[in-house]
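Just so it is clear: chains get the letters A, B, ... in the order the sequence lines come, proteins before strands, and each one is counted from 1. In what follows, every heavy atom counts, from backbone to side chain, and hydrogens, waters and symmetry copies are set aside.
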Amino acid sequence: MGLYRDSFRLAYQAESPVNWCEALGTVLADEEVINGRSERGDHPVHRIPLRQWMLRITAYADRLVEDLEKLEWPDAIKEMQKNWVGRSQGAEVDFPIETSGFEYDAWTAGRKNAGFPEEPEHDVIRVYTTRPDTLFGATYMVLAPEHPLVEKLTTDEQRSEVNKYIEYASTLSEEDRIAGHSEKNGVFTGGYAVNPVNGENIPVWIADYVLISYGTGAIMAVPGHDQRDFEFAKTFGLPIRAVVMPTEEWLDRLRPSGRNQAPLSRDTYARDIGLLSEAFTENGEGMQSANEGVSLDGLPTDQAKEKITGWLVHSGIGHPAVKYKLRDWLFSRQRYWGEPIPILHALDSEGKPTGIIQAVREDELPVLLPEMDDFKPTGNPAGPLGKAAEWIRIRRDGQSFARETNTMPQWAGSCWYYLRFCDPKNRYQAFDPGKEKYWMPVDLYVGGAEHAVLHLLYSRFWHKVLFDRGHVSTIEPFLKLVNQGMILSTTYRTSDSRVVPYSLIEFREGGAFYEKTGEELDGVTEKMSKARGNVISVDVPIQKYGADTTRLYEMFMGPLESTKPWSMQGVAGISRFLNRAWRMIVDESSEGLELHSSVVKEGAAADLQQLRVLHKTIDSVTRDMESLSFNTAISRLMEFVNYFTGQAVRPRSCMESFVLMLSPMAPHICEELWQVLGHSESIAHASWPVLDPRYILESSVEIPVQINGKVRGRITIAADADQNELEQAALSDPNVKKHLEGHSVRKIIVIPKKMINIVAVPK
RNA sequence: GCCGGGGUGGCGGAAUUGGCAGACGCACAGGACUUAAAAUCCUGGGAUCGGCAACGAUCGUGUGGGUUCGAUUCCCACCCUCGGUACCA
């Protein structure tokens with residue numbers, strides 16, 4: 001059986017941007033789930049053929065990787081997406097099955113004439129390899145247990161064992177397979193194939209370490225240069241042949257197993273390769289790899305790959321190929337909730353499907369779910385909608401149709417919601433093209449790293465399809481991505497390891513206690529999770545301190561991107577800060593809301609030092625906000641308050657600028673302060689304070705003076721002092737002089753406005 | 001195993017990317033106000049050593065090397081930790 005017995009691109013075109021399935025180049029696939037598990041993974045799926053809708057995301061694999069370069073995303077996420085797509089470059093090679101009448105020379109001659117066929121003949125095993133340069137080291141082959149040729153290769157003698165193994169492999173769960181990593185298992189089919197580069201007969205095995213879903217579902221095993229094949233060969237006593245000479249360092253590092261063994265030399269490597277504990281899988285130099293037409297001996301791995309691939313093409317035995325880990329996307333769900341897939345199946349006069357399908361017309365969209373009393377899963381491929389008899393039937397142009405009853409997965413909505421957000425109330429279109437053009441792309445997407453591959457890859461895929469069809473104006477949806485860190489909470493446990501819900505914990509001096517029993521609790525830091533009951537409701541700090549304080553505190557705890565432990569310690573400091581800011585501006589003793597007597601109304605009253613503090617604050621806060629460094633922005637605002645609280649005269653213009661800078665982070669209190677400062681319009685519409693660079697230029701600067709890298713003094717000097725002046729000032733500093741006694745100055749390094757370093761040696 | 005983050009005072013974290021390590025805040029200590037407490041305000045603080053003191057010296061950003069006049073920052077090796085991924089041929 002093949003995973004795709006029949007897949008095709010829908011032949012018709014439709015221009016509706018809402019007709020997602022069609023627009024995405026949907027393919028229909030016959031998937032016979034033989035080895036599958038249910039989504040929950042707790043019971044095997046029934047062996048029934050399902051016709052399910054797939055989205056051909058693999059067609060976009062390369063673009064999904066290449067276009068990452070254009071994005072301002074965290075490297076970690078880009079890397080994850082690259083790995084997920086998992087592009088690899090190699091070659092497909094055909095190994096004929098050894099049958100009684102098989103003749104190697106005749107086969108190679110035939111291939112040389114005909115060339116490499118698109119589909120392998122029925123008696124040929126096609127493999128994919130990233131190391132075609134190791135073909136001469138292929139001493140056996142392994143097929144996935146589900147591979148269609150297993151049946152043909154299995155000899156009568158081996159049949160019962162092979163069947164047993166297939167049965168065993170099909171019951172293995174994902175976890176079992178991972179758990180069994182190191183212990184290789186498998187069965188010999190009894191059949192042989194022919195290594196096409198040297199005509200050798202090699203045994204064909206089946207093993208669960210070869211996956212039906214990747215590559216061709218079959219491999220050539222090169223135990224000398226692949227770790228898995230090496231382990232397998234050792235387990236089952238299969239021959240190991242050296243065809244790549246390792247580097248000296250590798251040979252030296254990797255001693256043969258057993259005590260007191262000397263390292264293998266280049267001379268003994270080929271003979272004793274089986275004594276090693278690891279295969280050499282890096283790049284080396286070809287060896288023992290030659291036939292009448294081609295030799296790889298002495299060639300570095302890169303060149304050897306190229307040369308053998310050329311020869312394979314020339315001989316009609318193989319061709320270059322690219323494979324991806326990324327699979328096409330199974331888009332059908334057999335459940336009620338979800339967008340109905342807008343496809344119609346044409347019916348014949350007796351009400352049977354003709355096999356012809358059509359997209360729902362644009363004016364018939366959207367297709368809404370029918371009202372149903374019973375929408376529970378049915379275990380039937382049609383899903384719950386299969387029971388909505390009236391909804392299913394539709395007549396159009398004198399022809400009967402049945403609606404598709406599978407629905408889309410949750411992903412469908414999250415793949416394009418940002419586009420709908422551009423025009424959320426449009427009743428006639430998914431979105432207006434003009435509005436899309438105005439808003440897109442999304443400038444900044446703040447989201448959790450848990451969406452690194454699925455959501456963020458799927459929506460990029462949809463967006464590219466929509467771009468190709470002219471529905472969106474950009475090739476990527478999200479320009480900049482920031483992953484906010486999770487806030488971790490401490491999970492508290494009783495002495496017998498029961499988890500105590502956060503709400504039942506009492507914090508007293510010296511630790512946490514179980515509210516009911518007074519028992520002292522042990523803490524382990526974990527992420528917050530509903531299941532563990534250690535989710536901290538944001539209502540608690542909001543009730544105690546208010547929304548502004550809570551919000552500001554979360555921003556102050558640390559950088560946006562990093563994970564942070566939740567702690568109420570420190571929230572009091574933020575509360576104090578907001579109170580101080582309030583008292584800096586508002587006269588508390590008055591009945592109403594009146595300006596503090598120190599706040600003067602004329603802007604001109606600010607002195608130079610105050611203006612300097614103000615504009616330094618504007619400078620750093622502006623930059624911090626732009627780089628999302630909220631924690632340091634808040635620090636700067638605290639410094640501002642610390643300074644101005646000590647000022648007997650607080651110019652109103654300075655106070656206004658401060659409130660403006662604080663307002664995005666503490667909107668409620670700032671709105672009130674803005675009113676107290678005499679404004680009737682909302683602060684939300686006031687503009688950000690403007691930096692006047694004149695005030696942040698210092699006329700004189702204090703510069704540390706180092707001797708041999710250690711600070712020995714500091715000088716205050718005009719900011720525009722030249723090299724010579726700086727040197728003289730440094731050398732005349734008393735402490736510097738003291739330390740230079742008995743030394744001679746060899747060199748003076750001057751970094752203007754930053755640092756002077758005197759290199760001195762003892763006389 | 002592989003890929004990607006991170007490791008700085010008692011704690012959360014700063015450091016304009018090679019130029020004064022520890023901004024800001026918490027907790028702590030001392031003081032002021034108060035009958036008292038809360039609130040508020042002021043002062044202190046990386047460690048060690050010397051000094052009544054201001055101050056001075058030495059050490060100090062996970063560990064060990066290296067580059068440099070100068071390293072939290074760059075390079076090499078290692079340890080720990082968090083996230084992702086897992087037989088992908």
Side-chain angles (χ1 to χ4, degrees), chain A residues 74-80 82-84 86-88 90 127-131 134 142 144 174 177-178 180-182 184 207-211 213-222 225-229 231-232 281 323-327 449-450 452-453 483 485-486 488 525 527 553 556-559 561-574 576-577 579-580 583 588 619-620 623-624 627 629 631-639 641-642 645-646 702-714 735 738 746-751 753-760:
Chain A
D75 289 338
I77 305 287
K78 289 188 182 182
E79 211 48 46
M80 279 188 228
K82 269 184 217 163
N83 292 341
W84 195 263
R87 183 196 156 98
S88 74
V127 303
Y128 171 70
T129 177
T130 54
R131 291 294 300 271
T134 61
V142 185
E174 194 89 342
R177 280 177 81 137
I178 291 166
H181 254 205
S182 48
K184 290 280 174 292
D208 65 0
Y209 82 90
V210 173
L211 309 171
S213 52
Y214 183 76
T216 59
I219 62 158
M220 64 172 198
V222 183
H225 304 285
D226 180 283
Q227 187 59 27
R228 295 152 302 178
D229 297 343
E231 285 163 18
F232 192 84
T281 58
K323 298 282 177 199
Y324 303 91
K325 284 197 238 175
L326 184 71
R327 306 290 145 74
E450 68 271 20
V453 275
N483 290 129
M486 271 182 296
L488 305 180
T525 296
K527 75 177 91 172
Y553 176 56
F556 186 64
M557 284 199 302
E561 297 92 334
S562 48
T563 54
K564 301 165 277 268
W566 173 258
S567 150
M568 288 289 277
Q569 299 200 330
V571 70
I574 289 291
R576 272 199 281 272
F577 161 66
N579 286 333
R580 275 159 66 83
R583 289 196 306 268
E588 285 232 294
D619 184 36
S620 37
R623 272 190 309 207
D624 286 345
S627 63
S629 308
N631 54 332
T632 51
I634 295 165
S635 297
R636 298 287 100 86
L637 292 171
M638 285 173 168
E639 285 175 314
V641 171
N642 289 345
T645 301
E702 195 192 58
I703 302 177
V705 182
Q706 297 183 340
I707 296 172
N708 295 334
K710 281 180 180 158
V711 180
R712 299 300 186 184
R714 38 193 79 235
N735 203 41
K738 201 177 90 192
R746 182 176 279 179
K747 194 173 167 189
I748 303 182
I749 290 137
V750 177
I751 313 293
K753 295 184 193 179
K754 294 256 170 155
M755 161 82 55
I756 296 168
N757 193 10
I758 300 168
V759 186

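- The same atom, C1', is picked in B:rC20 and in B:rC75; the two are 25 Å apart, to the nearest Å.
- Among the nucleotides B:rC3, B:rC24, B:rC87, the one closest to the side chain of A:Tyr209 is B:rC87.
- Under the 6.0 Å distance and 45° angle rule, A:Lys323 does not count as a cation-pi partner of A:Tyr214.
- Across all their heavy atoms, A:Ala221 and A:Asp229 have their closest contact at CA-OD2, 3.3 Å.
- If you take CG of A:Leu326 and C1' of B:rU85, they are 15 Å apart, rounded to a whole angstrom.
- Listed candidates were B:rC87, B:rC20, B:rG25. Nearest to the side chain of A:Arg714 is B:rC20.
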Item to check | Under 4.0 Å protein heavy-atom contacts per nucleotide of nucleotides 64-72 of chain B, with B for base, S for backbone only and - for none | outcome: -----BS--

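- Against the 90° criterion about 0, the sugar-base torsion of B:rG25 places it in the anti range.
- Judged purely by distance below 3.5 Å, without hydrogens or angles, the side chains of A:Arg580 and A:Asn642 pair a donor atom with an acceptor atom.
- When rounded to the nearest whole Å, the span between CG of A:Asp226 and C1' of B:rG1 equals 14 Å.
- Picking from B:rA89, B:rA23, B:rG84 the nucleotide with the shortest atom distance to the side chain of A:Met80 gives B:rG84.
- Of the C1' atoms belonging to B:rG70 and B:rG19, the separation is 7 Å, rounded to the nearest Å.
- Contact between the side-chain N/O atoms of A:Tyr128 and the OP1/OP2 oxygens of B:rA89 is not found at any separation under 4.0 Å.
- Among the atoms of the strands shown, none is found under 4.0 Å from any heavy atom of A:Ser567.
- One P atom belongs to B:rA21, the other to B:rG46, and the distance between them is 13 Å to the nearest Å.
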Next on the checklist: How would you summarise protein contacts on nucleotides 6-18 of chain B per nucleotide, using B for base, S for sugar-phosphate only and - for none, with heavy-atom distances below 4.0 Å?
Outcome noted: ------BSS-B--

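- Anti is the conformation of B:rU35, whose glycosidic angle sits further than 90° from 0.
- Comparing the P positions of B:rC74 and B:rA57 gives an interatomic distance of 30 Å, to the nearest angstrom.
- Atom name C1', nucleotides B:rC28 and B:rG45: the rounded distance is 10 Å, in whole Å.
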Checklist entry - What does nucleotides 37-45 of chain B look like as a protein-contact string, B for base, S for sugar-phosphate only, - for none, at under 4.0 angstrom between heavy atoms? => result ---SS----

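- For the pair A:Gln227 CD and B:rC2 C1', the computed distance is 13 Å after rounding to whole Å.
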Checklist outcome for this item: For RNA chain B, the dot-bracket notation using Watson-Crick and G-U wobble pairs below 3.5 Å, [ ] for pseudoknot-type crossings and | for other-strand pairs, is (((((((..(((......[....))).(((((.......))))).(((((....)))))..(((((..]....))))))))))))....

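- Under the rule for a side-chain contact (heavy atoms from CB on, under 4.5 Å), the partners of A:Ser629 that lie at least two apart in sequence or sit in another chain are A:Asp624, A:Ser627, A:Asn631, A:Thr632.
- With P as the reference atom, B:rG10 and B:rU16 are 23 Å apart, rounded to whole Å.
- Across B:rU8 and B:rC3, the matching P atoms stand 24 Å from one another, rounded to whole Å.
- In this structure, A:Lys753 NZ and A:Glu702 CD are separated by 15.5 Å, a value rounded to the nearest 0.5 Å.
- Between A:Val641 and A:Arg583, the closest side-chain pair of non-hydrogen atoms is not below 4.5 Å.
- Heavy atoms only, all atoms of each residue included: A:Asn757 and A:Asn708 are closest at OD1-N, 3.5 Å.
- Every salt bridge (Lys or Arg N to Asp or Glu O under 4.0 Å) that A:Arg623 has, sequence neighbours left out, goes to A:Asp619.
- Under 3.5 Å, the side chain of A:Lys184 and the base of B:rC87 form at least one donor-acceptor pair of N or O atoms.
- Residue A:Arg712 places at least one side-chain N or O under 4.0 Å from the OP1 or OP2 atom of B:rA57.
- Using a 4.5 Å cut-off on side-chain heavy atoms (C-beta onward), A:Tyr553 and A:Met568 make no contact.
- If you take atom P in B:rC24 and the same atom in B:rA14, they sit 14 Å apart, rounded to whole Å.
- In this structure, A:Lys710 reaches the sugar-phosphate backbone alone: every heavy-atom distance under 4.0 Å involves primed, P, OP1 or OP2 atoms, never a base.
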